[in-house]
K.L.:
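The structure follows.
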Amino acid sequence: MEHGGVFEMALEQLGSTAKLLKMDPNTLRVLGCTERELTVHLPVVMDDGHIEVFEGHRVQHSSARGPCKGGIRYHQDVTLDEVKALSMWMTWKCAVVNIPYGGAKGGIKVDPSKLSFEEVRRLTRRYTVAIMPIIGPHRDIPAPDVNTNAETMGWIMDTVSMYQGSTVLDIVTGKSIELGGSLGRREATGRGVMFVTLELLNRMNLTPAKTRIAVQGFGNVGSVSADLLKKAGCNIQAISDISGAYYCEKGLPISDMIAYCSTGRGKTLEGFSAPGVSKIDPKELFELDVDILVPAALEKQINVENAEKIKAKAVVEGANGPTTPEAERLLIKKGKYVVPDILANAGGVVVSYFEWVQSIQSFFWDEDGVNANLKKVIVSSFDAVWDTAQREKQDLRHAAMMIAVSRVAKALEIRGIFP
Ligand code: GLU
């Protein structure tokens, strides 16, 4: 599997969970497939007048527990295989935190940093129309993911609304506050990472003040996780993004780094410097003597090549699918914890759910209410996963998967197979 696609990795996780659950092979056959895969080709008139055609996908893995839900990513390495895996992980993620959704994901194979603002907007509108036959507020609700944000969601919402002839707030989540988005949504994934990390530290008898953390990735998830963990008292010693890795033994100045990234220059840390901060090899970030490692970038970053060298006592998966099953087995054998993506980064979709509810009701919550409800969901889900792991003598991923997969299987069983 190590060199296979990520969907194979998702199937391996499902297969080993099904064994533990002694799952009916009929149910496994259904859950091992996606419900629907749509590939679209998107012609876009570029600023210089020539036409470029981009490939995009929207995959719905399961609607057994409710409308499909999941983000849309723009990345040059997007493939159908990857989007399929990500859609399956969304199904488990929504199930483990018990929100009434199934799983979906979308993606366009494009490096948006190479396109102008207007080109990205035209591409987004064309993609929206191309997937419009299968999305909808009670069918499939997109959200931001890698390289997409509130602005992208606003364009999707506007495009659907133009066709419908009225404003359709509940078609996407992760919208700007001005367009009916939820307070706290932008920070929600990082806030969830912070909550699970603090819960884990508690179980490990560590205090935030004694905790050193390295974070791979400084996008929405990595930057907010680092910021909130620092505010909780942890020492963030290393951060990396596409420009390289930055290290400071006494702790990085996270808010300065966030401010630096927001001032243009391609929105990366390229050129960032501060007293005590040195640049290290991004590979070294994984090998640092820290307590917690937070991969918050892309899939398969922790693999057989670097797993043996990881010194951190625990990995908290801010990204989706950052650890290959083989690497995870190595880490577990060494007594390390891996808090799985479907729990660790579920904060985003939990507040997406709150946003969807607010959009449907046109009744909006204050930020304290959003954050308090998020904390309740994440902490109780963490407790349930931890207790299941203890009871079943399993690692945290298998415990989370056992809870999630059995919820989806149960829904499927109750509904029965149509017709
Ligand atoms: N893209 C995020 C994720 O991977 C959020 C999905 C959503 O809010 O629907 O969980």
Side-chain angles (χ1 to χ4, degrees), residues 6 10 57-63 65-75 78 82-108 131 135-150 152-153 156-157 169-176 180-182 184-193 195-196 217 219-222 224-225 295-299 316-322 339-359 370 373-374 377-378 381 400 404:
V6 268
H57 313 277
R58 182 74 187 171
V59 176
Q60 297 166 347
H61 168 255
S62 170
S63 58
R65 298 182 69 255
C68 298
K69 186 85 190 76
I72 291 170
R73 68 171 55 178
Y74 291 174
H75 194 276
V78 162
E82 180 193 33
V83 180
K84 283 169 65 179
L86 291 161
S87 74
M88 184 184 274
W89 288 328
M90 283 308 303
T91 303
W92 313 140
K93 194 183 298 185
C94 295
V96 80
V97 291
N98 213 3
I99 55 174
Y101 289 136
K105 200 80 171 198
I108 303 179
I131 64 166
I135 61 170
H138 296 284
R139 192 178 276 173
D140 179 356
I141 308 119
D145 198 76
V146 175
N147 291 332
T148 58
N149 54 25
T152 327
M153 296 307 114
I156 297 176
M157 192 273 258
L169 283 186
D170 44 4
I171 183 71
V172 282
T173 58
K175 306 179 289 287
S176 318
S182 176
R185 173 61 187 86
R186 191 184 63 77
E187 301 85 358
T189 311
R191 191 175 298 277
V193 169
F195 289 143
V196 296
N220 183 44
V221 181
V224 178
S225 302
L298 294 167
E299 301 92 52
V316 177
E317 295 188 331
N320 292 312
V339 185
D341 44 8
I342 58 169
L343 173 65
N345 70 37
V349 77
V350 169
V351 177
S352 273
Y353 168 54
F354 298 159
E355 178 177 334
W356 181 71
V357 169
Q358 294 171 74
S359 288
V370 171
N373 279 304
L374 170 64
V377 172
I378 295 293
S381 305

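Here the structure is a predicted model, which means the values were calculated and not measured. In listed order, ligands and their atoms are each counted from 1.
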K.L.:
Which ligand 1 atoms, with their elements, are less than 4.0 angstrom from a heavy-atom of M90?
P.N.:
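Within the 4.0 Å cut-off of M90, ligand 1 contributes 3 (C), 4 (O), 6 (C), 10 (O).
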K.L.:
What atoms of ligand 1 come closer than 4.0 angstrom to any heavy atom of V349?
P.N.:
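Atoms satisfying the 4.0 Å criterion: 7 (C), 8 (O), 9 (O).
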K.L.:
Is N320 touching ligand 1 with its side chain, its backbone, both, or neither, if touching means heavy atoms under 4.0 Å apart?
P.N.:
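For N320, the contact with ligand 1 is made by the side chain alone.
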K.L.:
Could you see which bit of R73 sits under 4.0 Å from ligand 1, with heavy atoms only: side chain, backbone, both or neither?
P.N.:
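Neither part.
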K.L.:
How long is the straight-line distance from CG of D145 back to CG of N220, given to the nearest 0.5 Å?
P.N.:
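N220 CG to D145 CG: 10.0 Å, rounded to 0.5 Å.
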K.L.:
What are the two closest heavy atoms between S87 and H61, and how far apart are they?
P.N.:
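For S87 and H61, the tightest heavy-atom pair comes out as OG-CB, 3.3 Å.
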K.L.:
Any nitrogen or oxygen of N345, main chain or side chain, under 3.5 Å from a nitrogen or oxygen of ligand 1?
P.N.:
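Such a contact does not occur with ligand 1.
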K.L.:
Establish, from distance only, whether the side-chain atoms of S352 and R185 form a donor-acceptor pair under 3.5 Å.
P.N.:
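Note: S352 and R185 side chains meet the donor-acceptor criterion.
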K.L.:
Should the proximity of A346 to ligand 1, defined as any heavy atom under 4.0 Å, be assigned to the side chain, the backbone, both, or neither?
P.N.:
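It is neither; nothing of A346 touches ligand 1.
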K.L.:
If you have a sec, work out which protein heavy atom is nearest atom 9 (O) of ligand 1 and how many Å separate them, to one decimal?
P.N.:
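For this ligand atom, the closest protein heavy atom is K69 NZ, 2.8 Å.
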K.L.:
Which ligand 1 atoms does G70 reach within 4.0 Å, using its non-hydrogen atoms?
P.N.:
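Going through ligand 1 atom by atom, the ones under 4.0 Å from G70 are 9 (O).
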K.L.:
Got an N/O contact under 3.5 Å between A143 and ligand 1?
P.N.:
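No: no nitrogen or oxygen of A143 is under 3.5 Å from one in ligand 1.
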K.L.:
Is it true that G174 lies under 4.0 Å from ligand 1, counting heavy atoms only?
P.N.:
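Outside the 4.0 Å threshold, so no.
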K.L.:
Contact between D170 and I141 at the side-chain level, heavy atoms closer than 4.5 Å - yes or no?
P.N.:
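D170 vs I141: side chains apart.
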K.L.:
Main chain of V351, side chain of E355: is a donor-acceptor contact present, judged purely on distance under 3.5 Å?
P.N.:
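Flag not set: sc E355 to bb V351 has no pair under 3.5 Å.
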K.L.:
Sub-3.5 Å donor-acceptor pair from the side chain of W356 to the main-chain atoms of P137, do we have one?
P.N.:
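Between the backbone of P137 and the side chain of W356 there is a qualifying donor-acceptor contact (under 3.5 Å).
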K.L.:
Between K105 and ligand 1, which residue portion shows a heavy-atom distance shorter than 4.0 Å: side chain, backbone, both, or neither?
P.N.:
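Near ligand 1, K105 shows its side chain, while the N, CA, C and O stay back.
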K.L.:
Determine, considering heavy atoms only, which of M153, R185, E355, K93 sits nearest to atom 3 (C) of ligand 1.
P.N.:
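Ranked by closest heavy atom to atom 3 (C) of ligand 1, first place is K93.
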K.L.:
Pull out every atom of ligand 1 sitting under 4.0 Å from any heavy atom of S352, numbered as shown with elements.
P.N.:
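Close to S352: 7 (C), 8 (O), 9 (O).
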K.L.:
Side-chain donor-acceptor pair under 3.5 Å between N149 and T152, yes or no?
P.N.:
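There is such a pair between these side chains.
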